[in-house]
Colleague: 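Attaching a single structure in structure tokens format; questions to follow.
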Amino acid sequence: MDDIKTIGLLNNLILVNNDRIEGYEMAIHETDENDLKLLFSQFIQTSVKCKSELLSEVKRLEAEAFISNRTKASFFKTWDSVKTALNTKDRKVILDACEEGEGLVKKNYEDTIREHGTDLSLNELAMLKNQYMNLKNDHDRVEAMGQSVVF
């Protein structure tokens, strides 16, 4: 295992969770719907926990974590879509935009686990799989809410 590659992978997921936290913090301030505020708060807590675990592992590897709020272009575009959707006040549009963002988060974890699982220790891989399941549950919740919107 290459610690430098592992640290890079973990730092990428720290940034993914940073972007998710920042996006949902913005969304909480933009929506008037209390159930969405609660949902977004819960999503933030999921990412805060994931980020904390990732930071601990990077620290254990005696490296520095990337804690900047650098936003990847795909995430910036997605969270910009969420902000635009929030301005429309259309619940279906808001939930669809959130689902798109959650899909990107899921994909980052899937790609890391699938393509780089051999670059991770068994404990790191187990941690990422557990985080993935929690993030997938969040994705599935927002997807179900979007599908339940009646026109």
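These numbers come from the heavy atoms of this one structure, side chains and all, not from hydrogens, waters or symmetry mates.
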Colleague: Side chain to side chain contact (heavy atoms under 4.5 Å, CB included) with K59: which residues, sequence neighbours excluded?
Modeller: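 Not a single residue meets the side chain to side chain contact (heavy atoms under 4.5 Å, CB included) criterion with K59.
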Colleague: Do I28 and I44 come within less than 4.5 Å of each other through their side chains, counting heavy atoms only?
Modeller: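 Touching, per the 4.5 Å side-chain cut-off.
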Colleague: Starting from L38, can I reach I21 by hopping between I/L/V/M/F/W/Y residues whose side chains sit under 4.5 Å apart?
Modeller: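 Unlinked, I21 and L38 end up in two clusters.
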Colleague: Test of understanding: with side chain to side chain contact (heavy atoms under 4.5 Å, CB included), list the residues that count as partners of A144, not counting sequence neighbours.
Modeller: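 Checked A144 against side chain to side chain contact (heavy atoms under 4.5 Å, CB included); zero matches.
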Colleague: Tell me, which pairs form a ring-ring contact (aromatic ring centres under 6.0 Å, His included) where one or both residues lie in residues 112-135, sequence neighbours left out?
Modeller: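 Listed once each, the pairs would be none.
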Colleague: Return the set of residues passing side chain to side chain contact (heavy atoms under 4.5 Å, CB included) with D35 (not counting sequence neighbours), or none when no residue passes.
Modeller: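 Partners of D35 under the side chain to side chain contact (heavy atoms under 4.5 Å, CB included) test: E33, R91, M145.
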Colleague: Which residues satisfy the salt bridge (charged side-chain N to carboxylate O under 4.0 Å, His left out) test with K129, sequence neighbours excluded?
Modeller: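 For K129 there are no salt bridge (charged side-chain N to carboxylate O under 4.0 Å, His left out) partners, ignoring immediate neighbours.
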Colleague: List in chain and number order the residues that pass side chain to side chain contact (heavy atoms under 4.5 Å, CB included) with H29, two or more places apart in sequence or in another chain; answer none if no residue qualifies.
Modeller: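 For H29 there are no side chain to side chain contact (heavy atoms under 4.5 Å, CB included) partners, ignoring immediate neighbours.
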Colleague: How far does CG of L104 sit from CG of D19, to the nearest 0.5 angstrom?
Modeller: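 Between L104 CG and D19 CG, I get 10.0 Å after rounding to 0.5 Å.
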Colleague: Hey, does S47 have a side-chain heavy atom less than 4.5 Å from the side chain of Y24?
Modeller: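 No. Closest side-chain heavy atoms not under 4.5 Å.
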Colleague: Who pairs with T46 by side chain to side chain donor-acceptor pair (under 3.5 Å), at least two apart in sequence or on another chain?
Modeller: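 By the side chain to side chain donor-acceptor pair (under 3.5 Å) rule, T46 matches D138.
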Colleague: Is there side-chain contact between L13 and L9, with at least one heavy-atom pair below 4.5 Å?
Modeller: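 In short, these two side chains do not touch, never coming nearer than 4.5 Å.
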Colleague: In chain order, what residues pass the side chain to side chain donor-acceptor pair (under 3.5 Å) check against K37, with sequence neighbours excluded?
Modeller: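 For K37 there are no side chain to side chain donor-acceptor pair (under 3.5 Å) partners, ignoring immediate neighbours.
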Colleague: Which pairs count as salt bridge (Lys or Arg N to Asp or Glu O under 4.0 Å) when at least one residue sits in residues 140-150, sequence neighbours excluded?
Modeller: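 Qualifying pairs: K136-D140.
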Colleague: Would you indicate whether E62, at its atom CD, is surrounded by more than 12 heavy atoms from other residues, nucleotides or ligands within a distance under 6.0 Å?
Modeller: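 Not buried by this count: 12 neighbours or fewer within 6.0 Å.
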Colleague: What is the minimum heavy-atom distance between N17 and K51, and which atoms define it?
Modeller: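 Where N17 meets K51 most closely, the heavy atoms are CB-CB, 4.2 Å.
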Colleague: Could you tell me which residues satisfy salt bridge (charged side-chain N to carboxylate O under 4.0 Å, His left out) with K5, sequence neighbours excluded, listed by chain and number?
Modeller: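 Applying salt bridge (charged side-chain N to carboxylate O under 4.0 Å, His left out) to K5 gives D119.
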Colleague: Is any side-chain heavy atom of V58 less than 4.5 Å from a side-chain heavy atom of L54?
Modeller: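 Of all side-chain heavy-atom pairs linking L54 with V58, none is under 4.5 Å.
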Colleague: Quick check against the 3.5 Å criterion: does K92 have a side-chain atom that pairs as donor or acceptor with the backbone of G146?
Modeller: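 Indeed, once roles are kept as given, a pair shorter than 3.5 Å links the two residues.
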Colleague: Cluster question for you: counting only ILVMFWY and a side-chain heavy-atom cut-off of under 4.5 Å, with indirect links fine, are I4 and L55 together?
Modeller: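 Unlinked, I4 and L55 end up in two clusters.
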Colleague: What pairs with R60 under salt bridge (charged side-chain N to carboxylate O under 4.0 Å, His left out), at least two apart in sequence or on another chain?
Modeller: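 Expected list: E57, E124.
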